[in-house]
Protein chains: 2
Amino acid sequence: MDKQKLLQEKGLKTTTARVALLDFLEQEGSPLDVVTIVEKLHQQADQATVYRILDILTKKDLVNRLEFGEGKYRYEIQKNHHHHLICTNCGTISDVPGDFLGKFEKEIKDKKGFLVKSHLLEFFGLCRSCQS
Amino acid sequence: MDKQKLLQEKGLKTTTARVALLDFLEQEGSPLDVVTIVEKLHQQADQATVYRILDILTKKDLVNRLEFGEGKYRYEIQKNHHHHLICTNCGTISDVPGDFLGKFEKEIKDKKGFLVKSHLLEFFGLCRSCQS
DNA sequence: ATTCTTGCAAAACGTTTGCAATCCG
DNA sequence: CGGATTGCAAACGTTTTGCAAGAAT
């Protein structure tokens, strides 16, 4: 995917830091915290810059900001709607596809009058190799 | 509910700070952040103490720790399994009862081999009075 | 040329910790 | 009495911000 075009479409200037960050997140796939991102980006962007880029990319929906109850944020490249399976033993994070809450959100609208715009759903447990 | 008994059952000493905090959270009902709790507790407990109490009460399942993507934790008194409807306009938080994910968690186990132990689910949108 | 973006350093914010004093059982 | 709990202050990790320099359109 052409990162330059992606950025232009969102009205953002093309900079090496932004392209590097997008490339990196795309290649990684799973949600990472900022310390890790800065480390792996290896000098290509200052920490403050990383925060600023992640912030603006999140607002432009190119990146997804998540919380896993760790007291910090994680970021991943935007993809099809999915949730995460977080292994509380080894820390591995895998994706689980699908948006199966639509039915329930309609129910909420009907019964409570609350109009759901988005939701946050993550699963915690044990991955296959950590069960025994 | 008798807070002293509750604490004793969990092997915790009865202190004025703990009882005050439990009373307060029970009376409030919805999830609050620590600053708010300390404020409303009005001198009945230091901030560090509040953190420590919330920590231990969370571990003992008397209190529930939540994250709403705000970069901080919120705490509520433990009640029946439920999720939250968070109005992104006025900030009001209401409960929505029910644990309807069991079916999907079984599916996850069957298809992915991942054993779900707990989940995190919150809904964001507009409450009845903020739609127009 | 003008506006946007970056690096650096400092600050802000939420949370945790060390230690001595105090309280509970 | 002895161990658990607390207050205070300091430390910590994460995130944000001010400002001057630099880069993109």
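Given the structure is predicted, the values throughout are model-derived calculations rather than measurements. Below, chains carry the letters A, B, ... as their sequence lines are ordered, and counting in each starts from 1.
- Between the NZ atom of A:Lys5 and the P atom of D:dA24 there is a distance of 21 Å, given to the nearest Å.
- Summarising the geometry, the separation between CZ on A:Arg65 and C1' on D:dT15 is reported as 10 Å, rounded to the nearest angstrom.
- Rounded to whole angstrom, the span from the NZ atom of B:Lys13 across to the C1' atom of C:dC24 amounts to 5 Å.
- You'll find the ring centres of A:His119 and A:His83 inside the 6.0 Å limit.
- Side-chain heavy atoms closer than 4.5 Å link hydrophobic residues (I, L, V, M, F, W, Y) into clusters, and following such links, even through other members, never connects A:Ile93 to A:Ile77.
- Remark: C1' of D:dT25 and CG of A:Leu7 are 14 Å apart, rounded to the nearest angstrom.
- Side-chain nitrogen and oxygen atoms of A:Tyr51 include none within less than 4.0 Å of the OP1 or OP2 phosphate oxygen of D:dT16.
- Residue pairs meeting the salt bridge (charged side-chain N to carboxylate O under 4.0 Å, His left out) criterion with at least one member in residues 88-103 of chain A, sequence neighbours excluded, are A:Lys79-A:Asp95.
- In this structure, CG of A:Leu32 is placed 16 Å from C1' of D:dT14, rounded to the nearest angstrom.
- Among residues two or more places apart in sequence or in another chain, the salt bridge (charged side-chain N to carboxylate O under 4.0 Å, His left out) test is passed with A:Lys111 by A:Glu107.
- The 5' end of DNA chain C is approached more closely, in terms of each residue's nearest nucleotide, by B:Asp33 than by the other of B:Asp33 and B:Thr14.
- The side chain of B:Leu12 sits closest to D:dT5 out of C:dC4, D:dT15, D:dT5.
- The distance between atom CD1 of A:Ile56 and atom C1' of C:dT3, rounded to the nearest whole Å, is 13 Å.
- Shown here are the side-chain contact (heavy atoms from CB on, under 4.5 Å) partners of A:Asp2, two or more places apart in sequence or in another chain: A:Gln4, A:Lys5.
- A:Lys106 meets the side-chain contact (heavy atoms from CB on, under 4.5 Å) test with A:Asp110; sequence neighbours excluded.
- Atom CG in A:Leu21 sits about 16 Å away from atom C1' in C:dG7, given to the nearest Å.
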Please list, for nucleotides 6-13 of chain D, all pairs of protein and nucleotide N/O atoms separated by less than 3.5 Å.
from	atom 1	to	atom 2	distance (Å)
D:dT6	OP1	B:Thr15	OG1	2.8
D:dG7	OP2	B:Asp46	N	3.0
D:dG7	OP2	B:Thr49	OG1	2.4
D:dG7	N7	B:Arg52	NH2	2.9
D:dG7	O6	B:Arg52	NH2	3.0
D:dC8	N4	B:Arg52	NH2	3.4

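- Across the protein-nucleic acid pair, A:Asp55 atom CG and C:dC4 atom P stand 16 Å apart, rounded to whole Å.
- Rounded to 10 degrees, the angle separating the terminal helix axes of the helix from C:dA1-D:dT25 to C:dG25-D:dC1, each built from five base pairs, is 40°.
- When the side-chain contact (heavy atoms from CB on, under 4.5 Å) test is applied to B:Thr58, the partners found at least two apart in sequence or on another chain are B:Val63, B:Arg65, B:Tyr75.
- Each side-chain hydrogen bond (donor to acceptor under 3.5 Å, both in side chains) pair with one or both residues in residues 37-57 of chain A, not counting sequence neighbours, appears once here: A:Asp55-A:Lys59.
- Take the nearest nucleotide of DNA chain D for A:Tyr75 and for A:Gln8: the residue whose nucleotide is more 5' is A:Tyr75.
- Partners of A:Lys72 according to the salt bridge (charged side-chain N to carboxylate O under 4.0 Å, His left out) rule, which considers only residues two or more places apart in sequence or in another chain, are A:Asp33.
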